[in-house]
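Have a look at the structure below, then the notes.
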There are 2 protein chains.
Amino acid sequence: MTNIHDIARLSGYSVSTVSRVINHQKYVADDKRQKIERIMRDLDYVPNRVARDLSKGRTKTIGVVLPYANHPYFARIVDGIVTAGFAAGYKITMLPTNYDMTTERRYLEEFRSKAYDALVFTSRSSALSTLERYRKYGPIVCCEDPGADCTLAAAYTDRRQSVVEALQWTQRQGIQNLGVLLSRNNLISASARMTRQAYQEVLGALPAQNLFDGAVTFEDGYRAGAYFAQLTPAVDGILANSDDIAAGIVSYYREHQLPKITVIGQENLLSGRLLGLPTIDHHLEALGQAAFKLAISNTHTHQLIKSKFIER
Amino acid sequence: MTNIHDIARLSGYSVSTVSRVINHQKYVADDKRQKIERIMRDLDYVPNRVARDLSKGRTKTIGVVLPYANHPYFARIVDGIVTAGFAAGYKITMLPTNYDMTTERRYLEEFRSKAYDALVFTSRSSALSTLERYRKYGPIVCCEDPGADCTLAAAYTDRRQSVVEALQWTQRQGIQNLGVLLSRNNLISASARMTRQAYQEVLGALPAQNLFDGAVTFEDGYRAGAYFAQLTPAVDGILANSDDIAAGIVSYYREHQLPKITVIGQENLLSGRLLGLPTIDHHLEALGQAAFKLAISNTHTHQLIKSKFIER
DNA sequence: GGTTGACCTGGGACCGGTTTCATACGTTAT
DNA sequence: ATAACGTATGAAACCGGTCCCAGGTCAACC
């Protein structure tokens, strides 16, 4: 493979001058510039990206940590990050975790090794304090509200507020007993925390039996449907954590000819639109774009993306 | 930032020995190994990934070229690539093109610059011969049948055969006049070519007015529905190029209270399932996994992934 | 006692760029 | 006449690793 030294040798000029030509810098005489450019073209020369990155100390690459690559929630965020990254000349690398903490830790160590200029956590299993420990190696963005004193940058939806709106809507609809689905009902998940808070705020204490945990896919929604269908006292409304999951619930109720109940989805996906379900659009592409911009700005700004409740 | 030379200096041993410790190689005395390991831990040292990549001449990164990041077709392929890549310790970088040839070319040039060990084209705008010209810089995989004499590796669905099956099924259903949707009806798109071939084979010449081109999203499907609904002679069946797009057609027909017609989707997505549409599952995750394996194997194997027609 | 081979260690070239600094020349201002 | 400055160029350090090769020790074997 031909390198910058070959070009220098063949052109009779120094490596420095060739480097100046490559980078379109000032202070190169026109005739020499042209000669060097011709030789580079003749030899089919392209500067080595990795060498450049090493020398410059940056990779123009952002790592995106996410549990599953092909899940609509994360796909929409990634879409936003990729779009914004493309416009800014950054590459986006996918870092799937399956919510495995060891894997997350491995990515954090890779971050220390300068493989990425910044890291975006679309979701996480590790403690926030763990992420903060790696903050000194570069910008880290999380997609949740990490609290005012957190030094991480953050872009997040106003899930609490939008869920409050959705719940108030159910009250106006006369819904008495509402079931709730969460993906991960633990202390780590900000999404779960916000949803519980909103429930508490509008409807009071959430009965344990009205909560279905571990909902990620359509199939999970289907199982949740089976669960809620046999519940006493019966629920007359369910707040799902995604339209696809809501669709699973609706499918169960339909297939078993159960009375129709109100199911609210989230993310404004095609499935919810097809079934005419009310939903909450969290504007995840915008969230992704915001996350990217924070990643390359190296601040610790916390940025709220407004969500929108959509009646149907 | 502390580097390998710091560790060498502080430990009193040579860079070579430190390198051996880092890489868990033989021929390091136990006491020295332990001392070096302790110093690395004390200094919080992590080897620089970029330097390593430069030295080794590889990045353990695969670039995935795709038109849109958040489209179910490509998302499923990417999912397969990411899953297989993760298992093999490779990073996956997304390279969105919007079908812009200049952008594709830029990625090919980046490939020459050793930024990626291999490139996977999930779709393309450039000519195959263009891609082949870059073949000498490393493995390039395309996700279509590039023809027997093509030196690129390839993983692709048997779209022609599966569409033939779908069309034969429509015949058995008594469908007389079938409309067809394509995403890009040009010479580049193998998917369009295979679909046209299958139509020719089963139903004969495809009337120009029965073809709707440029269908990518649900909204496109909706527009296609509007188009086909006003057509004379009326179509009594439509083959769409994805379930989401098929759902667009169905939505149009529903919303305008038009007589129900048979719409066949593709990719076996949730939308098709919800609407009970027959579909063709092209097993795109498997395709992605196959593409990844080809990418790191540096052969020019052509691999067919069987598709499956699903009646509903 | 000499050869062989396994084990251990360090020097230094190499991967392929960027960037700082020293130098030198030609104008222009003082 | 000379200081000052803009332009042009190259040498060499630097980014931070890998790895080949030379050299040394020590035990086993003939």
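Convention: sequence-line order gives letters A, B, ...; per-chain numbering from 1.
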In chain order, what residues pass the ring pair (Phe, Tyr, Trp, His ring centres under 6.0 Å) check against Tyr99(A), with sequence neighbours excluded?
Tyr68(A)
Can you check nucleotides 3-8 of chain C for protein contacts, nitrogen or oxygen pairs under 3.5 Å, and list what you find?
| unit_1 | atom_1 | unit_2 | atom_2 | d |
| --- | --- | --- | --- | --- |
| dC7(C) | OP2 | Tyr27(B) | OH | 3.1 |

Can you list every pair that meets salt bridge (Lys or Arg N to Asp or Glu O under 4.0 Å) and has a residue in residues 84-107 of chain B, with sequence neighbours left out?
none
Any side-chain donor paired with an acceptor under 3.5 Å for Ser19(B) and Ser16(B)?
no
Drop me the distance from Leu304(A)'s CG to Thr157(A)'s OG1, to the nearest 0.5 angstrom.
7.5 Å
Is Asp44(B) salt-bridged to Arg112(A), cutoff N-O under 4.0 Å?
yes
Ordered by number, residues from residues 35-53 of chain B within less than 4.0 Å of DNA chain D (heavy atoms) are Tyr45(B), Val46(B), Pro47(B), Asn48(B), Ala51(B), Arg52(B)
Contact boundaries on DNA chain D for chain A, cut-off under 4.0 Å to non-hydrogen atoms
dT7(D) to dG16(D)
Within residues 6-16 of chain A, which residues have any heavy atom lying less than 4.0 Å from an atom of DNA chain C?
Val15(A), Ser16(A)
Aromatic centroids of Tyr134(A) and Phe111(A) separated by under 6.0 Å
no
Between the side chains of Thr93(A) and Thr93(B), does any donor sit under 3.5 Å from an acceptor?
yes
Please name all residues satisfying ring pair (Phe, Tyr, Trp, His ring centres under 6.0 Å) with Phe74(A), sequence neighbours left out, ordered by chain then number.
His71(A)
Nearest of dG16(C), dT18(C), dT9(C) to any side-chain atom of Asn3(A)?
dG16(C)
Should Arg124(B) and Glu144(B) count as an ion pair when the cut-off is N to O under 4.0 Å?
yes
Those residues at least two apart in sequence (or on a different chain) that pass salt bridge (charged side-chain N to carboxylate O under 4.0 Å, His left out) with Asp42(A) are Arg38(A)
Arg76(B): what forms a salt bridge (charged side-chain N to carboxylate O under 4.0 Å, His left out) with it, not counting sequence neighbours?
Asp281(B), Glu285(B)
For the helix from dG1(C)-dC30(D) to dT30(C)-dA1(D), how many degrees between its two end axes (five pairs per end), to the nearest 10°?
50°
Ion pair present between Asp53(A) and Arg58(A), side-chain N to carboxylate O less than 4.0 angstrom?
yes
With nearest nucleotide decided by heavy atoms, which residue, Asp31(A) or Gln25(B), maps closer to the 5′ end of DNA chain D?
Asp31(A)
Minimum-distance pair of heavy atoms, taken over all atoms of Thr151(B) and Glu132(B)
OG1-OE2, 2.8 Å
Considering residues at least two apart in sequence or located in another chain, which fulfil the side-chain contact (heavy atoms from CB on, under 4.5 Å) criterion with Ala118(B)?
Ile62(B), Pro139(B), Ala295(B)
side-chain contact (heavy atoms from CB on, under 4.5 Å) partners of Met101(A), counting only residues at least two apart:
Ser125(A), Ser126(A)
Measure the distance from CG on Asn23(A) to C1' on dG17(C) and round it to the nearest whole Å.
9 Å
